[in-house]
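A note on names: the letters A, B, ... follow the listed sequences, proteins ahead of strands, and every chain is numbered from 1.
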Number of protein chains: 2
Amino acid sequence: MTKPRFVSAADVARLAGVSRSAVSRAYTPGAAVSEAARKRIHAAAEELGYRVNRLARTLHQDRSDLVGLVGGNFSNPYIAAQLDALSCALQGRGLQCLLMNTASAGADVSEHLARLLDYRVRNVVLLSGAAPDDLIRLCAQNGARMVLINRPPPPEGTQADLILADSARGGRLAAERLIAAGCRRVAVVVSGSRTTAKKARAEAFCAVMAARGVAVTTWADGANAYATGVEAARSLLARPGLDGIFGVTDEIALGVLNTARHELGLSVPGDLSVIGFDDAPISEWSSHGLTTIRQSLDALTAATLEAIDRPAEAPPTRFAVPVELVERTTVA
Amino acid sequence: MTKPRFVSAADVARLAGVSRSAVSRAYTPGAAVSEAARKRIHAAAEELGYRVNRLARTLHQDRSDLVGLVGGNFSNPYIAAQLDALSCALQGRGLQCLLMNTASAGADVSEHLARLLDYRVRNVVLLSGAAPDDLIRLCAQNGARMVLINRPPPPEGTQADLILADSARGGRLAAERLIAAGCRRVAVVVSGSRTTAKKARAEAFCAVMAARGVAVTTWADGANAYATGVEAARSLLARPGLDGIFGVTDEIALGVLNTARHELGLSVPGDLSVIGFDDAPISEWSSHGLTTIRQSLDALTAATLEAIDRPAEAPPTRFAVPVELVERTTVA
DNA sequence: GCTGTCACTGCACAGCTGTGCAGTCGGTGC
DNA sequence: GCACCGACTGCACAGCTGTGCAGTGACAGC
């Protein structure tokens, strides 16, 4: 038995008794093929299980149908929701998603990411993690438009679309809400590897608090993960005094919330108010009811699509994703 | 300004003053190139931002480096965890993940899935959703090995590796645990679109209950989602009587759990015991503490890798993923 | 100086598709 | 019968890479 191979247009042409060009044309809308030939070709293709090789087709065009989706931890609830929404939307546009998990890259994230270019992706979308400068350069040199979601803006003059939730406004909303709840000693929890977006959320929060004369403790350590929130809560709440905590991410905030409630026996929002940022699907669950700053997933997805639709040579743009306070039950 | 294009080996050859073959060889380990030429070529490539085009390279080989990952809802916590682990593992093997979200396909899931073959994926891995017969045939005809994770086994004789958690044993473990807790009137919640795996979990559960003379109510409706658990709980617990519920998936079980506790004011496990299946990361969170049947993610990932490593012409295999009871706090 | 060896090097082709261009063939109008 | 037109059709090449094969040059051995 011969080793199974992919069926090619030549195989179909042989079976249908036409030239290979005819096969190609039978799959190109608007191309000149007789109805009879098209029917014979489709029948032969069906029999053999033929599918047009998009890889070879890409050689002819200047861009492929592939979009590189880069993320660090796809099990983060908000990232997962983004991934779900984005992959749906992209496929609706006839594009395919090439996934890239940076967690598997050891030291050389940069080399790992560059591998996306090996597949001639037409776009690279960064959902999390930083964008190494050489990757941005590489994308520009190859005409692959790059989209950064809530990532630090690249150095001046480099090509990359930015999609940014209004972190500063979000941070202010969170601060004002805690103040309205009567909090007088608060903390903000950021992950150690703080992206600009997360830093901006924290800084805007601190600025408002400073203006109102409220003392802020900053906890910055660990990954952007649930465990970080747990650790932060244990450490920050070891001694009483704190009455409000802002988790710079829902996942962190949920770690804080659960630890406060179930491990330390605090009443939220009775003893402590907790507020997050993102509005991940699970934040709404009745086990959490997390008050949080929502960055609209729809707006974020729409902006990404718009950025991707722009031609490769168009100048980079900046999209603003609106932010709003979602009242639930973790703030007094 | 000319339209930016991908840099090709010819461009590099021109700049480095060598033939295009030399460029190709400079990126092929073990090929005959002088050290001097290799250095010049790498320098030129670096300057231009050249990357080997894997799409074109694939034309020469009989398989690509692409693995198709198919799922229905990537924001399901367990699916997301699978995706995270799998993408990491595959990339460690030098393979890339082509994502396929079946949620974006309307009626023609089959056509949507077949599009994966357009990219000459070397494997198709189904994380959720059913495998249409024609897709299985298509994969076989093109020599792309197919891997089904907890999916219904395809018709006799078709080529597909099966990775199956021991659903029956899991269902039995769940039943026995509820019986040990003293439950006398129980329910099982399955989604409407029940896969064989989920059906098998429910059936094994029911069989044990029947053998012990315990009445079982079956709730089968809606998607495999949190909302299904919520609805089921509202409906099933409208009148008192039930003292144990088995959610065929952690996400469903969490919907039941949260609704019982926070909406209906029941004490779990005081008034009601709840048990799930999967052991998703969030089940462990102190806000839930869900007792559940764990299907080892490590074993599942390892089995998938093993299946993928097998040559295309090797006969299909069946991998068993062990299952174990994880005791937490939702069963008396 | 001649020959053989060895390390490279480049040509040419394969691998699969899309497409410009020229050619075929039937049909129509006169 | 002839010119013309329109609808197809196939050839040949482009697009990018990997590789067999022949060729080139240096160099050692005699």
Side-chain angles (χ1 to χ4, degrees), chain A residues 3-41 44-45 48-66 115 117-122 142-144, chain B residues 3-41 44-45 48-66 115 117-122 142-144:
Chain A
K3 202 167 181 178
R5 296 183 59 95
F6 273 91
V7 182
S8 82
D11 300 330
V12 177
R14 231 180 337 263
L15 180 62
V18 295
S19 78
R20 203 192 44 68
S21 311
V23 177
S24 175
R25 282 191 251 267
Y27 287 94
T28 308
V33 217
S34 69
E35 196 48 40
R38 165 171 277 128
K39 272 211 180 110
R40 262 210 325 285
I41 290 167
L48 295 175
Y50 171 71
R51 293 240 109 209
V52 177
N53 185 341
R54 293 224 184 197
L55 272 36
R57 175 184 271 179
T58 297
L59 292 184
H60 249 269
Q61 297 156 347
D62 48 346
R63 3 164 65 182
S64 77
D65 288 337
L66 262 26
R115 203 170 292 174
L117 275 300
D118 295 1
Y119 294 90
R120 284 356 185 200
V121 292
R122 41 167 287 162
N142 287 284
Chain B
K3 202 168 179 177
R5 296 184 59 94
F6 274 92
V7 182
S8 82
D11 301 330
V12 177
R14 229 178 339 263
L15 180 61
V18 295
S19 79
R20 206 193 41 72
S21 312
V23 177
S24 176
R25 281 192 250 268
Y27 287 93
T28 309
V33 216
S34 69
E35 195 48 38
R38 165 171 278 127
K39 272 209 180 110
R40 259 207 329 283
I41 292 167
L48 295 176
Y50 171 69
R51 294 238 108 210
V52 178
N53 185 340
R54 294 225 182 196
L55 271 36
R57 175 185 272 176
T58 298
L59 292 183
H60 251 267
Q61 296 157 351
D62 47 345
R63 1 163 68 181
S64 77
D65 288 337
L66 260 26
R115 201 168 294 174
L117 275 299
D118 295 1
Y119 294 90
R120 290 345 188 204
V121 292
R122 40 165 291 162
N142 287 285

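Taking side-chain N and O atoms only, A:Ser34 has a distance below 4.0 Å to OP1 or OP2 of D:dT9. At the phosphate of C:dC16, neither OP1 nor OP2 sits under 4.0 Å from any side-chain N or O atom of A:Tyr27.
Distance check, rounded to the nearest 0.5 Å: CZ of A:Arg51 to CG of B:Asn142 gives 9.5 Å.
Across all strands, B:Ala31 comes closer than 4.0 Å to no nucleic acid atom at all (heavy-atom distances). Counting non-hydrogen atoms under 4.0 angstrom, A:Ala9 reaches the backbone sugars and phosphates but no base. Backbone-only engagement by A:Val33 is indicated by non-hydrogen atom pairs under 4.0 Å involving sugar-phosphate atoms exclusively. A:Val23 comes within 4.0 angstrom of no nucleic acid atom, judged by non-hydrogen atoms across all strands. Across all strands, B:Arg54 comes closer than 4.0 Å to no nucleic acid atom at all (heavy-atom distances).
A salt bridge links B:Asp11 with B:Arg14: the closest approach of a Lys/Arg side-chain nitrogen to an acidic carboxylate oxygen falls below 4.0 angstrom. Comment: A:Arg54 engages A:Asp65 in a salt bridge, judged by a side-chain N to carboxylate O separation of less than 4.0 angstrom.
For B:Arg120, whose side chain is taken as the heavy atoms from C-beta onward, the closest listed nucleotide among D:dT17, C:dT9, C:dT17 is C:dT17. The side chain of B:Ala56 sits closest to D:dT17 out of D:dT17, C:dT17, D:dG10. When distances are taken from the side chain of A:Ser24 to each of C:dG18, C:dT17, C:dG10, the shortest belongs to C:dG18. Picking from D:dG18, D:dT9, C:dT9 the nucleotide with the shortest atom distance to the side chain of B:Val52 gives D:dG18. The nucleotide whose nearest atom lies closest to any side-chain atom of A:Ala22 is, among D:dT17, D:dG10, C:dT17, D:dG10. Taking the side chain of A:Thr28 as heavy atoms from C-beta on, and the options C:dA12, D:dT17, C:dT19, the nearest nucleotide is C:dT19. Nearest nucleotide to the side chain of B:Ser8, out of D:dT17, D:dG18, C:dC11: D:dT17. The side chain of A:His60 has D:dG15 as its nearest neighbour among D:dG15, C:dC16, D:dT19. In this structure, of D:dC13, D:dT19, D:dG18, it is D:dC13 that holds the atom nearest to the side chain of A:Arg20.
The nearest whole Å value for the distance from the OH atom in A:Tyr119 to the C1' atom in D:dT17 is 14 Å. We find that CZ of A:Arg40 is positioned 12 Å from C1' of D:dT9, with the value rounded to whole Å. Going from atom CG of B:Leu59 over to atom C1' of C:dC16 covers 5 Å, rounded to whole Å. Between the CZ atom of B:Arg38 and the P atom of C:dA7 there is a distance of 14 Å, given to the nearest Å. In this structure, CD1 of B:Ile41 is placed 12 Å from C1' of C:dG10, rounded to the nearest angstrom. Rounded to whole angstrom, the span from the CZ atom of A:Arg25 across to the P atom of C:dC21 amounts to 13 Å. Rounded to whole Å, the distance from CG on B:Asn142 to C1' on C:dC16 is 14 Å. One atom, CD of B:Glu35, and another, P of C:dC8, lie 9 Å apart when rounded to the nearest Å.
Ring centroid separation for the pair A:Tyr119 and B:Tyr119 does not come in under the 6.0 Å cut-off.
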Give the C-alpha distance, both sets of side-chain angles, the deciding distance and a yes or no for side-chain contact (heavy atoms from CB on, under 4.5 Å) between B:Asn53 and A:Leu59.
CA-CA 9 Å; B:Asn53 185 340; A:Leu59 292 184; 3.9 Å; yes

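Looking at A:Arg57, its side chain has no donor and acceptor atom pair within 3.5 Å of the base of D:dG15. Side-chain N/O atoms of B:Ser21 and base N/O atoms of C:dC11 include a donor-acceptor pair closer than 3.5 Å.
Heavy-atom minimum distance, B:Tyr50 versus B:Ser8: CE1-C, 3.5 Å.
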